[in-house]
Participant: 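Right, I'll just put the structure down here and ask away after.
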Amino acid sequence: MSNSRFDTLPAAFQHTAARYPDAVALRTPGDAQTVTWGDYAGRVRAVAAGLAGLGVHRGDTVALMMSNRVEFYPLEVGAQHVGATSFSVYNTLSPDQLAYVLDNAGTRVVICEPQYAKVIASSGVRLDHIVCVDDAPEGTLSVADLLAAAPDDFDFDAAWRAVRPDDVATLIYTSGTTGAPKGVETTHAALLFQVYGIADVLGIEFGDSITSFMPTAHIADRLTALYVQEVLGTQVTSVRDPKQIAAALVDLRPTVWGAVPRVWEKLKAAIEFKVAAEPDETRRQGMRWALSVAATRSRHQLAGEPVPDELTAEWARADELVLSKLRAALGLDRVRWALSGAAPIPPQTLGFFAGLGIPIAEIWGMSELACICSVSHPRDAELGSVGKMLPGMESRVADDGELLVRGPLVMKGYRDRPEQTSEAVDGEGWLHTGDIIAIDADGYLTVVDRKKEMIINAAGKNMSPTNIENAIKAATPLIGAMAVIGDGKPYNTALIVLDAESVEPYARTHGLPDASPAALAVDPGVIAAIRAGVAQGNTALSRVEQLKRFRILPTFWEAGGDEVTLTLKLKRRVIATKYATDIDELYAENPNEAILLPR
């Protein structure tokens, strides 16, 4: 990493782009498109000039609405160079949601793919311009029109040098689990502190490669595949369809990589399916042996115990013969470390990948903290913890267990929401995170749950629904999502939804003609597999936490739908209302046959 440190994104980008102008900065799988740092910098200059010609100045807001693609980067970074606050909106927003976000942000210009132009125009928000990539429908400008708007006397260097560290660089709209989303204002200074902080801990180098496949409106993608790239010079492969991430990993073989827990769980399930479906008996037995050795080693690691010498030697043999080949098949054989964040990941999933030889650092943070506030390098991490606070950040635990955080990462505020800002950040600058987090004597943080989501049962026992859900989900890949019920109740129950991607190979393997959620929810084999998973997951829980009853719902829960946010968080209040009848039946004295018991 370069020793030079900067306090605005444009200053950092200009330094990075000048270091190795012929190196590839942006690409798509198979090198269908590649952009060098020199070309990237030239496009940024042209976009900045064009936006200035359209009347965009320092402090104005520019929104982007497009899939993951290389064209996004010069447009976003070009907006930064005229001092604009540039941010992305989720492509799946309804017209009402889109109108709210664009209006709250004070958006002047939207840059989008043509399929979104109509919904943007019909949102009712007053915009100066809509700029479209690919082609320009009537009433919009093309990117060529944008570039042609550049004034002859535009002073590019003066424009980006005028950007100040405390200017708002971006807006991150929170998921909105309990109401309208709030626009988190994050400054250049906070983002630079963030990038340099994680670089110091993890060791990110110019040329490290990563994929961009999460929505660019998600702070995790913006940090890892945009801001880190601008500042440190990583190479980004844009993957337009997130369902193609598995193939993209094999193509890129990234050196650093991060994903939300659900993606890690799907990769784990893919390996387990691959082993189960291996037709050669000898090979299948060998793969099972290697995974059992990996699992035994990870149990020691999860327990914080030293790994016995003979087990270390056996793991080395398993790695040479099998595990290294499984890593290569995933495309993760070059990964120095990986990240998991945005939600708690089951310890069993962390252990699985640690056993496989893929070190995952679980991180904790939030949009209000520019993304990552605690992380440790995998060699220093304790499996199950989310690492230590980034140097320069302060933390303390309130009497009720809520973590309070203060320091350079704390947001400037919620856009045009002063009352909600003062509720979140007190007069002494402490951000009230809403997370119940324990800190051990060595400074490692362990997330318990969201403060508002803790279950207190009829007997007054406090429990984490997320902890219970993770224990059950780790036991079977067929579960896509689940909501544990138990607040004020005599015992815990759950609504379970099948995983849309795992059920198709399951149905194919078991010769089932109908892979719809309605058909699979009543299939005896599926019910037996879920029952077994719940029973196994229960063994990892205390008696009071265990599920006594559950129901498999005949539907899938899609990201951005009624039940799950775009960042895959459960909308527990919505679920409680929408499925009130199902929940009542879970506690009925004489439940019907749809209510299942673990066996």
Side-chain angles (χ1 to χ4, degrees), residues 198 201-205 208-211 213-214 220 224-225 234 237 239 242 245-275 286-304 307 311-312 314-363 372 375-387 470 473-474 477:
I198 62 172
V201 172
L202 295 172
I204 304 172
E205 303 165 2
D208 266 332
S209 53
I210 196 169
T211 58
F213 68 100
M214 291 181 285
T224 60
T234 52
T237 297
V239 183
I245 186 59
L249 284 176
V250 176
D251 164 79
L252 175 64
R253 298 173 58 232
T255 58
V256 298
W257 199 65
V260 297
R262 194 71 197 117
V263 173
W264 287 115
E265 290 163 18
K266 287 178 185 295
L267 289 174
K268 175 177 179 283
I271 293 172
E272 291 168 340
F273 277 126
K274 178 183 177 68
V275 172
M287 293 164 84
R288 284 178 172 164
W289 161 75
L291 288 181
S292 72
V293 173
T296 303
R297 189 181 81 148
S298 71
R299 277 196 293 274
H300 286 280
Q301 294 173 313
L302 282 168
V307 179
L311 180 57
T312 298
E314 189 177 17
W315 185 89
R317 288 196 301 274
D319 186 54
E320 181 182 358
L321 295 170
V322 178
L323 301 179
S324 59
K325 296 175 177 60
L326 286 177
R327 289 198 300 275
L330 284 176
L332 295 177
D333 51 322
R334 292 202 307 158
V335 164
R336 296 202 312 278
W337 47 260
L339 294 173
S340 179
I345 186 170
Q348 297 90 333
T349 304
L350 281 176
F352 178 87
F353 283 101
L356 205 64
I358 298 171
I360 299 177
E362 189 179 5
I363 61 99
I372 298 174
V375 62
S376 291
H377 194 284
R379 66 171 173 262
D380 305 317
E382 294 180 359
L383 286 183
S385 90
V386 291
N470 279 343
K473 286 195 296 181

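This one's a predicted model, so the numbers in the text were calculated from it and none came from an experiment. Computed over heavy atoms, backbone and side chain alike; hydrogens, waters and symmetry mates excluded.
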Participant: If you look at every heavy atom in Trp264 and Ala259, which pair is closest and at what distance?
Facilitator: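 Between these two residues, the closest heavy atoms are NE1-O, 3.4 Å.
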Participant: After noting the C-alpha distance and the side-chain angles of Lys274 and Leu326, does the key distance pass the side chain to side chain contact (heavy atoms under 4.5 Å, CB included) rule?
Facilitator: CA-CA 10 Å; Lys274 178 183 177 68; Leu326 286 177; 4.1 Å; yes
Participant: Enter the distance from Asp333:CG to Ile358:CD1 here, rounded to the nearest 0.5 Å.
Facilitator: 9.0 Å
Participant: Would you give me the side-chain donor-acceptor pairs under 3.5 Å for residues 315-323, sequence neighbours excluded?
Facilitator:
{"unit_1": "Trp315", "atom_1": "NE1", "unit_2": "Gly355", "atom_2": "O", "d": "2.6"}
{"unit_1": "Asp319", "atom_1": "OD1", "unit_2": "Arg327", "atom_2": "NH1", "d": "2.7"}
{"unit_1": "Asp319", "atom_1": "OD1", "unit_2": "Arg327", "atom_2": "NH2", "d": "3.0"}

Participant: Say you draw a straight line from CD of Glu265 to OG1 of Thr349; how long is it, rounded to the nearest 0.5 Å?
Facilitator: 5.0 Å
Participant: Determine the minimum heavy-atom distance between Ala474 and Lys268, stating which atoms define it.
Facilitator: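 Distance-wise, the nearest heavy atoms are O-NZ, 3.7 Å.
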Participant: Measure the spacing between CE of Met214 and CD1 of Ile245 and express it to the nearest 0.5 Å.
Facilitator: 9.0 Å
Participant: Partners of Val307 by side-chain contact (heavy atoms from CB on, under 4.5 Å), sequence neighbours excluded?
Facilitator: Arg297, His300, Gln301, Leu311, Thr312
Participant: Mind listing the closest non-hydrogen atom pair of Gly331 and Pro254 along with its distance?
Facilitator: O-CD, 3.4 Å
Participant: Please enumerate all residues that pass side-chain contact (heavy atoms from CB on, under 4.5 Å) together with Ser376, with sequence neighbours excluded.
Facilitator: Ala381, Lys388, Tyr444
Participant: What residues, two or more places apart in sequence or in another chain, satisfy side-chain contact (heavy atoms from CB on, under 4.5 Å) together with Pro378?
Facilitator: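 side-chain contact (heavy atoms from CB on, under 4.5 Å) list for Pro378, sorted by chain: Leu202, Trp337, Pro359, Ala361.
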Participant: Would you mind reporting whether Leu252 and Trp257 have side-chain heavy atoms less than 4.5 Å apart?
Facilitator: no
Participant: So do Leu356 and Leu332 actually touch side chain to side chain, heavy atoms under 4.5 Å?
Facilitator: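 Leu332 vs Leu356: side chains apart.
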Participant: To the nearest 0.5 Å, how far apart are CG in Leu339 and OG1 in Thr224?
Facilitator: 8.0 Å
Participant: Hey, are the side chains of Ile198 and Ile363 touching, using non-hydrogen atoms and a 4.5 Å cut-off?
Facilitator: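 Answer no - side chains too far apart.
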Participant: When you measure from the side chain of Arg253 to the backbone N and O of Arg334, does any donor-acceptor pair fall under 3.5 Å?
Facilitator: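 Looks like no, no N/O pair under 3.5 Å.
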Participant: At what distance, to the nearest 0.5 angstrom, does CD1 of Ile360 lie from CZ of Phe353?
Facilitator: 5.5 Å
Participant: State which residues pass side-chain contact (heavy atoms from CB on, under 4.5 Å) with Asp208; sequence neighbours excluded, sorted by chain then number.
Facilitator: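 Once residues adjacent in sequence are excluded, the partners of Asp208 under the side-chain contact (heavy atoms from CB on, under 4.5 Å) criterion are Ile204, Glu205, Thr234, Thr255, Val256, Arg336.
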Participant: Please name all residues satisfying ring-ring contact (aromatic ring centres under 6.0 Å, His included) with Phe352, sequence neighbours left out, ordered by chain then number.
Facilitator: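 Expected list: none.
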